[in-house]
2 protein chains.
Amino acid sequence: MSTIGDVARAAGVSVATVSRALRGLERVKPETRDRVLKAAADLHYSASPAATSLVSGRTRGIAVVTPYFNRWFFATVISGLEKVLREEGYHVLLCDLEGHTFDTRLPVTQGMFWKRADAVVLLNVPLDETERALLDRLGLPVVTVGNRQAMWPSVRIDDKAAMRIATEHAIALGHKRIAYAGTVPASVTHLQTPFDRREEFAAVMAEHGLTAPAEWVLECDWTAEDAREHAETMFASAHLPTCVVAASDEIAFGVLSAARRSGLEVPGDVSVIGVDDHVLADIFDLTTVRQDVLAQGQQAGILVLEALDGHPRDADEVLDVSLVVRGSTAPAPSAQVAGTRS
Amino acid sequence: MSTIGDVARAAGVSVATVSRALRGLERVKPETRDRVLKAAADLHYSASPAATSLVSGRTRGIAVVTPYFNRWFFATVISGLEKVLREEGYHVLLCDLEGHTFDTRLPVTQGMFWKRADAVVLLNVPLDETERALLDRLGLPVVTVGNRQAMWPSVRIDDKAAMRIATEHAIALGHKRIAYAGTVPASVTHLQTPFDRREEFAAVMAEHGLTAPAEWVLECDWTAEDAREHAETMFASAHLPTCVVAASDEIAFGVLSAARRSGLEVPGDVSVIGVDDHVLADIFDLTTVRQDVLAQGQQAGILVLEALDGHPRDADEVLDVSLVVRGSTAPAPSAQVAGTRS
DNA sequence: CTGTTAGCGCCTTCAA
DNA sequence: TTGAAGGCGCTAACAG
């Protein structure tokens, strides 16, 4: 492959002119520009990003840090992000922090970003002090998705509001025996959403004079498979809830599966409600609270671009969520008038 | 942030020594090395990848080209790939080719790779002549996943074998009225798997003296939603199949959903079988043909690493697939002894 | 409008 | 075992 010097020689001009012509700068005679363009095309010339970056100090790369990558939420956010960045000539560097166990995640390191990315996007990964210091030191624009921290611009939904909607829907249907699926071990520090959702569930329940007994609060990692396992155990007991509120749709899918395996009808015997509006929620007729995940990625991309354009904005974009009632929920079997307390 | 010169000054040695010490090369007095290491740590020094790359010619980046990546299959492959590359100090550059419509994909360009990646991995994206020439010219190692082409090392499953297993299962259950969901428009040139699967379905059917009438062959893009739509139309007609073979599990999910909406029992009224063993296949009790997608990503990573180590291998790794019978399939209603022709 | 020149930060001979 | 010096390919002044 060829260098800028080759193109200069082929076009009979200096490297500086080639550089200007190729980047579309002013002050190049059209005729010269054409000659350069042709030479470059003939030689299949592309500028070396390393050389460009070394001198300009910018890389046109955006580091995207994610705790998991093959999970619907994260993959979808990244997809939205990537498309808006690509439009502006940026590419994404994937930094997957997934460790070997659920409550392990890799540390964020300087090597991921330093002279490698022009900005970083954090997807639902709260940083510890060291990591935050590291990002401060690097001085890169940072945008967070899913949880606001350190006064960086952020885009997210209000997890508590979402869970409130889900829980209130269950209660409005007359359910009182309500279970919750999706608490996580206290040791899990890398996801904040689980805590917010769990907390709000309890809060809303309390507001209505309800409590879920411990055996109806399922701790599981946020996968359908693990959720199913725990839900099956619950469904095997004599003491059954009439409704299960799941912290996420993937968890809800697991609950749906456990119910079917346990011979329970949904929503006849038990209602199930999730949060997220996973692509497959509609397919499996799951009542849920919708959030626009792709839009979150796109918004994050816009915030990054703004910061890169020198117009950083301390945004805290909170996207709307809304209840989507589908077939997995029904009034409680013995439901009196909605709103009645026992 | 600091440069190698700062570290050299702080440690009282030359930049050359710092370079050697930091990269763990021989011929550095242990005591000197320690001093350099300490200085580097104190200064939070990281080498500039651009500078390193400019002089070494290597980038430690692997370009991963994918037609979509918020789809389970692709996200999972990338996840597997990323983890094995990360172990060796490589990172992935995401090249998403998803266009605006189903049968559009962005072209592969030189700018994606040139001096940006040390190797490229193609996930299920057949290249046209121009693109192939481009990759040849760049001289980078290429590994393909999902479809073999141009004699590049590849890892994949045998799509025809997988579909054969699915179709033969349906037939062995006594089904004769078998529909197929998942053909794609002839204009779609960027996915080869749909063609192979479709072709083999027809072949196996023919071997057994069966044919699916046109109204039982559903063209849809490979999403549950679109599949559902088409399947609903089919289920609304008077002429119903007793079994639907889906080209993928996501399509099968859509068929499952359509059946339920149409008041059909699965597997009582209609059996459904997919291919892939999607994470949620087990959750939704879908009979399918299993492939190990994560392993494909990992294998691809290993092939890349081998090529980078100077031991390129013209591998054509074909991973096993196997039937997983779950609850979505049952013998045909009027099934005589298996094997009987009408 | 175009050319010359000095680095960007690092690695790699080649000497010492 | 260490240091000095020459690029890698490009951009950004500064001249002309």
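Throughout, protein chains are lettered first and strands after them, A, B, ... in sequence-line order, and every chain is numbered starting at 1.
- Rounded to the nearest 0.5 Å, atoms CZ (R116(A)) and CZ (R60(B)) are 9.5 Å apart.
- Per the geometry, CE belonging to M1(A) stands 12 Å off P belonging to dG9(D), to the nearest Å.
- Between the P atom of dT11(D) and the CG atom of L54(A) lies a distance of 11 Å, rounded to the nearest Å.
- Looking only at atom types and distance, the side chain of S19(B) has a donor-acceptor partner in the side chain of R23(B) under 3.5 Å away.
- A straight line from CZ of R27(A) to P of dC14(D) spans 14 Å, rounded to a whole angstrom.
- In this structure, T32(B) reaches the dT2(D) phosphate: one of its side-chain N or O atoms is under 4.0 Å from OP1 or OP2.
- At a threshold of 4.0 angstrom between heavy atoms, the contacts of S56(B) with the nucleic acid are absent.
- Remark: P of dA12(D) and CZ of R20(A) are 11 Å apart, rounded to the nearest angstrom.
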Given the rule in the side chain to side chain donor-acceptor pair (under 3.5 Å) test, do T76(A) and S79(A) qualify, once you have shown the distances and angles that lead to the verdict?
CA-CA 5 Å; T76(A) 303; S79(A) 181; over 6 Å; no

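- Side-chain atoms of R156(B) do not come within 3.5 Å of backbone N or O of N124(B) as any donor-acceptor pair.
- Phosphate proximity of dT2(D) to T17(B): absent, as no side-chain N or O sits under 4.0 Å from OP1 or OP2.
- Side-chain contact, Q110(B) with S46(A): a donor N or O sits under 3.5 Å from an acceptor N or O.
- Using a 4.0 Å heavy-atom distance criterion, S53(A) is classed as making no nucleic acid contact.
- A16(A) comes within 4.0 angstrom of a base, heavy atoms only.
- Along DNA chain C, the stretch of nucleotides lying under 4.0 Å from any heavy atom of chain A spans, 5' to 3', dC1(C) to dG9(C).
- Nearer the 5' end of DNA chain C, as judged by each residue's closest nucleotide, is the contact made by V28(A), out of V15(A) and V28(A).
- Using a 3.5 Å distance cut-off with no hydrogens or angles, the side chains of D96(B) and T66(B) do not pair a donor with an acceptor.
- Comparing S14(B) and W114(B), the nucleotide of DNA chain D nearest to each residue sits closer to the 5' end for S14(B).
- Whole-Å rounding puts the D6(A) CG to dC10(D) P distance at 9 Å.
- Under the 4.0 Å criterion applied to side-chain N and carboxylate O atoms, K38(B) and D34(B) are not assigned as salt-bridge partners.
- R23(A) comes within 4.0 angstrom of sugar-phosphate atoms only, judged by non-hydrogen atoms across all strands, and of no base.
- In this entry the distance linking CD1 of I4(A) with C1' of dT11(D) reads 8 Å, nearest Å.
- The distance from atom CZ of R116(B) to atom C1' of dG9(D) is 14 Å, rounded to the nearest whole Å.
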